[in-house]
Amino acid sequence: MRTAFTEAFGVEHPVVQGGMQWVGTAPLAGAVSAAGGLGLVTALTQPTPEALVREIGRTRDLTDKPFGVNLTILPTIKPVPYDEYRHAIVDAGVTIVETAGANPAPHMDFFREHGVRVIHKCTSVRHAVKAQSVGVDAISIDGFECAGHPGEDDVPGLILIAAARRHVSIPMVASGGFADGRGLVAALALGADGINMGTRFMCTAEAPIHHSVKERIVASDERDTELIFRPLRNTSRVSSNAVSRETVELLAAGKAFEDVRHLVDGQRGRSVYESGDVEAGVWSVGQVQGLIHDIPTAGELVERIMAEAHELITGRLATMLEPVGA
Ligand code: NAD
């Protein structure tokens, strides 16, 4: 399948692996890129810029195909030396970066000077338009269904993708709610040039998280998420468990971030992925978990999605256009 995205980024399939905190490490990013998609190493998952350089090297050991690095800029408990991470990305020879969370403008001159192409992930049409105007190379438009931070507008992909396409002329992938070939075809029909998937790739053999977390995703349905941080305007969609529900209740009762910090700390969320105790902290997951029923390898998943999309386009959809009685 050729799209504006595959052409622009030199990948075989229009499938991007979302930049997930604690999940986007070399084994997963390398496997997705080796399978012909675009894998992303998540910068802030690495404790230091030096560790990021090493993780990029480990990814390169797994594939000689294109991969990128996700750099998310959102409120954090500890300040992040973004400049140093930016330099690490460039020093390690990475040429594709996904920015997310804030206006990419402050990073564009540096990335441009070093030949890096930028995909900006955002959750509204106005932010996509802004990113396009400051020179990013592609948009990843992220609907309300998504895991992690959906923004504050609550516009689901069915509307957001088509609305963004009216104003975005550069390649655009659709993010939030994608898990299979049906989703890919739907995204293409709405005007996107590919899809970005996070939760679906969490449920693959190579994702560096405990098997129990993958099993929880398979067992959950589309209703099993909570939106935390709503009153703080830093909304984040996470798995529904006792910790996330307590966080929602405390903030709804007027408590401040400091009062829930011990519940939501990313290090505590990380322990979920390491121990497999899905009640140990908050961890991001999308509504799309309701469409996830197995734990294939990343390569099997990408192949299956492409086969499903092909079958849907040339089979079920094409049949609808055949004359009656044909
Ligand atoms: P962290 O431990 O610093 O913070 C945990 C959570 O609290 C994060 O969601 C963060 O945005 C939020 N937070 C921190 N300080 C806050 C404040 N003063 N007010 C409101 N909210 C606050 O973060 P981490 O888990 O180490 O993650 C590192 C980065 O990755 C953060 O920027 C985080 O938002 C981001 N992240 C993104 C996604 C996603 O949507 N793809 C998922 C998880 C984490």
Side-chain angles (χ1 to χ4, degrees), residues 16-25 28-29 40-49 51-52 68-82 85 97-104 107 119-124 127 140-152 173 175-178 196-202 207-209 213 217 225-239 243-244 246-248 250-252 254-274 280-289:
V16 181
Q17 165 242 318
M20 298 164 276
Q21 182 68 339
W22 314 129
V23 185
T25 58
L28 181 58
L40 294 178
V41 174
T42 305
L44 302 191
T45 294
Q46 300 305 318
T48 61
L52 176 59
V69 170
N70 162 281
L71 186 63
T72 295
I73 300 155
L74 280 166
T76 49
I77 291 173
K78 279 195 253 153
V80 174
Y82 288 107
Y85 276 95
V97 165
E98 181 194 68
T99 53
N103 186 343
H107 311 282
I119 303 167
H120 183 64
K121 184 159 77 181
C122 55
T123 57
S124 74
H127 294 146
S140 183
I141 193 80
D142 202 13
F144 184 55
E145 305 88 331
C146 72
H149 296 271
E152 310 303 326
V173 295
S175 178
F178 296 103
N196 176 84
M197 305 191 301
T199 302
R200 177 61 272 200
F201 278 120
M202 278 173 84
I209 60 175
V213 179
I217 294 173
T225 70
E226 301 290 336
L227 293 168
I228 60 172
F229 303 148
R230 288 245 87 166
L232 306 178
R233 296 191 62 76
N234 184 32
T235 300
S236 182
R237 187 184 297 282
V238 298
S239 177
V243 187
S244 60
E246 186 181 350
T247 305
V248 170
L250 288 171
L251 292 174
K255 299 287 185 191
F257 180 76
E258 284 310 310
D259 302 313
V260 299
R261 181 184 154 146
H262 63 290
L263 298 171
V264 303
D265 191 314
Q267 293 300 330
R268 188 168 167 178
R270 177 184 207 166
S271 77
V272 168
Y273 297 139
E274 283 170 2
V282 299
W283 52 284
S284 299
V285 76
Q287 292 181 319
V288 75
Q289 65 183 343

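Numbering of ligands and ligand atoms starts at 1, following listing order. We're numbering straight along the sequence, starting at 1.
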What is the nearest protein non-hydrogen atom to atom 31 (C) of ligand 1, stated with its residue, atom name and distance? Thr76 CG2, 3.6 Å

Atoms of ligand 1 less than 4.0 Å from Val264 heavy atoms? 5 (C)

Are Asn196 and Phe178 packed together at the side-chain level, in the sense that at least one heavy-atom pair is separated by less than 4.5 angstrom? no

Using the rule given for side-chain contact (heavy atoms from CB on, under 4.5 Å), can you reason through Leu40 versus Met20, listing the C-alpha separation, both sets of side-chain angles and the distance that settles it, and then say yes or no? CA-CA 9 Å; Leu40 294 178; Met20 298 164 276; over 6 Å; no

Ignoring angles and geometry beyond distance, decide whether Gly266 reaches within less than 3.5 Å of ligand 1 through its nitrogen or oxygen atoms. yes

Quick note on ligand 1: atoms under 4.0 Å from a heavy atom of Ser284 include exactly 42 (C), 43 (C)

Shortest non-hydrogen contact between Thr123 and Gly151, atoms and distance: OG1-CA, 3.6 Å

Which of these, Leu71, Val23, Thr72, has its nearest heavy atom closest to atom 35 (C) of ligand 1? Thr72

Tell me whether His149 reaches ligand 1 (any heavy atom closer than 4.0 angstrom to a ligand atom). yes

Mark up the atoms of ligand 1 that fall under 4.0 Å of a heavy atom belonging to Trp22, in ascending order. 26 (O)

Could you pull out all donor-acceptor pairs under 3.5 Å where a side-chain atom in residues 254-266 meets a protein atom, sequence neighbours excluded?
| unit_1 | atom_1 | unit_2 | atom_2 | d |
| --- | --- | --- | --- | --- |
| Asp259 | OD2 | Ala256 | N | 2.8 |
| His262 | ND1 | Asp259 | O | 3.4 |
| Asp265 | OD1 | Gln267 | N | 2.8 |

Would you say Arg230 and Glu152 make side-chain contact, with heavy atoms under 4.5 Å? yes

Verdict with supporting geometry, Asp142 and Ser140, side chain to side chain donor-acceptor pair (under 3.5 Å): CA-CA 6 Å; Asp142 202 13; Ser140 183; over 6 Å; no

At under 4.0 Å between heavy atoms, which part of Ile77 makes contact with ligand 1: side chain, backbone, both or neither? both

Separation between NE2 (His149) and CG (Leu227), nearest 0.5 Å, reads 11.5 Å

For Gly148, the ligand 1 atoms whose distance to one of its heavy atoms is below 4.0 Å: 39 (C), 40 (O)

Closest to atom 26 (O) of ligand 1 (heavy atoms only, candidates Gln267, Arg261, Gln21, Arg270) is Gln21

Give me the nearest non-hydrogen protein atom to atom 41 (N) of ligand 1 as residue plus atom name, then the distance to 0.1 Å. Gly19 O, 4.0 Å

Against ligand 1, does Ser236 come closer than 4.0 Å with any heavy atom? no

Among protein heavy atoms, which sits nearest to atom 21 (N) of ligand 1, and what does the distance come to when rounded to 0.1 Å? Asn234 ND2, 2.9 Å

Interatomic spacing from CD in Glu145 to CZ in Arg237 - rounded to 0.5 Å: 7.5 Å

Val285 vs Thr225, side-chain contact (heavy atoms from CB on, under 4.5 Å): CA-CA, chis, key distance, verdict: CA-CA 7 Å; Val285 76; Thr225 70; 3.9 Å; yes

Suppose I only count heavy atoms of Leu74 and a 4.0 Å limit; which atoms of ligand 1 are within that range? 32 (O), 34 (O)

Among protein heavy atoms, which sits nearest to atom 15 (N) of ligand 1, and what does the distance come to when rounded to 0.1 Å? Phe257 CZ, 3.4 Å

Which ligand 1 atoms, with their elements, are less than 4.0 angstrom from a heavy-atom of Phe229? 6 (C), 7 (O), 9 (O), 12 (C)

Rounded to the nearest 0.5 Å, how far apart are OH of Tyr273 and OG of Ser284? 5.5 Å

For the NZ atom of Lys121 and the CG atom of Asn70, what is their distance to the nearest 0.5 Å? 6.0 Å

Checking contacts here: is it the side chain or the backbone of Pro75 that comes within 4.0 Å of ligand 1, counting heavy atoms only? Could be both or neither. both

